[in-house]
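Along the sequence shown, residues carry numbers from 1.
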Amino acid sequence: SHLHAVEGDLEPREAGLAAVRAAVARVGDHDADALVTSRAWLERLDGHHVTSMRLFEKAILHDPADTEALFWLSLSYGGVGGKTAAAIALADRVVDLDPLTISNQFLRGFGFVADGDWARTLAIYDDVDRREPGLRFLTLNRMLQLAWLGRTADACRVADETIAEDPAD
């Protein structure tokens with residue numbers, strides 16, 4: 001829960017990470033499978049992407065329905081691992097297991113970003129936006145897709161609408 005709280009800016013980053021590190025340290029080597037997803041997540045945050053991916057893979061071997069590990073491994077494969085086809089396949093598994101979590105829907109689009117298929121990504125992001133309008137991280141990514149597709153006027157329109165809704169954005 002600390003991982004989600006930190007990612008969602010619901011808990012101060014350092015306090016949340018300290019709580020996760022403490023839990024991982026308490027388990028230690030006594031139970032190699034316990035908290036493996038948390039260990040992988042910490043490695044990812046520390047910039048140890050290869051180690052992180054190996055740990056997420058281990059977590060999935062232990063529990064093929066671990067949506068947290070599937071999500072982060074998909075994101076890692078697409079973002080730094082150079083495995084876009086695998087990233088998209090994992091994103092599909094996450095959506096199959098948990099279709100109601102909006103970030104899982106968004107994840108599938110991210111796999112296509114890594115593959116350079118911006119039109120397909122934009123279609124996924126537009127679909128997510130229709131179902132869950134107003135998500136700022138999604139709005140930012142939709143603007144990027146529009147710009148990358150050369151649709152700068154549309155990207156600027158989305159930016160202007162976002163600022164009009166909340167000038168703090």
Heavy atoms only: give me the nearest A119-L149 pair and the separation to one decimal. N-CD2, 3.9 Å

Heavy-atom pair of closest approach, residues V95 and N104: CG2-O, 3.4 Å

Are H48 and R44 packed together at the side-chain level, in the sense that at least one heavy-atom pair is separated by less than 4.5 angstrom? no

Which atom names give the shortest non-hydrogen contact between A155 and A147, and what distance separates them? CB-N, 4.0 Å

Answer yes or no: is there a donor N or O on one side and an acceptor on the other, between the side chain of T139 and the main chain of L135, under 3.5 Å? yes

Using distance alone, with no hydrogens and no angle criterion, decide if D66 and T37 have a side-chain donor and acceptor under 3.5 Å apart. yes

Give me the atom names and distance for the closest heavy-atom approach of A59 to A69. CB-CB, 3.8 Å

Could you give me the CA-CA distance, side-chain angles and deciding distance for Y125 and F112, then say whether side chain to side chain contact (heavy atoms under 4.5 Å, CB included) is met? CA-CA 11 Å; Y125 290 175; F112 291 110; over 6 Å; no

Identify the heavy atoms of A65 and L97 that sit nearest to each other, and give their distance. CA-CD1, 3.8 Å

Would you say the side-chain atoms of Q105 pair up with the backbone N or O of P99, donor to acceptor, closer than 3.5 Å? yes

Does the pair L55 and E43 meet the rule for a side chain to side chain contact (heavy atoms under 4.5 Å, CB included), with working shown? CA-CA 9 Å; L55 287 169; E43 291 290 341; 3.9 Å; yes

Pairwise side-chain contact, F56 with T51, heavy-atom cut-off 4.5 Å (strictly under): no

Hydrophobic clustering (ILVMFWY, side-chain heavy atoms < 4.5 Å, transitive) - are L61 and L70 grouped together? no

Under 3.5 Å, side chain of R93 to main-chain N/O of P64, donor-acceptor pair present? yes

Qualifying residue, where the test is side-chain contact (heavy atoms from CB on, under 4.5 Å) with Y77 and the options are V80, L75, L73: L73

Heavy atoms, side chains only, cut-off 4.5 Å: are E165 and R136 in contact? yes

Keeping T84 on the side-chain end and D115 on the backbone end, is there a donor-acceptor pair under 3.5 Å? no

Which heavy atom of S74 sits nearest a heavy atom of A87, and at what distance? OG-O, 2.7 Å

Quick check: does any side chain N or O of N141 sit under 3.5 Å from a backbone N or O of F137, one acting as donor and the other as acceptor? yes

Looking at side-chain heavy atoms only, is the closest gap between M143 and L140 below 4.5 Å? yes

Rounded to the nearest 0.5 Å, what separates atom CD in E68 from atom CD1 in I60? 11.0 Å

Look at the rings of W41 and W72 and say which category their plane angle falls in: under 30° parallel, 30 to 60° tilted, over 60° perpendicular. perpendicular

Rounded to the nearest 0.5 Å, the CZ atom of R108 sits from the OG atom of S103 at a distance of 15.0 Å

Tell me which one of D129, T101, L138 satisfies side-chain contact (heavy atoms from CB on, under 4.5 Å) with F106. L138

Within-4.5 Å side-chain heavy-atom neighbours: R151 and L122: yes

R131 side chain reached by V128 side chain, heavy atoms, under 4.5 Å: yes

Is the backbone of G109 close enough, under 3.5 Å, to the side chain of T121 for a donor and an acceptor to pair up by distance? yes

Is there side-chain contact between D92 and I88, with heavy atoms separated by less than 4.5 Å? yes

CD/Q145 to CH2/W118 distance, rounded to the nearest 0.5 angstrom? 8.0 Å

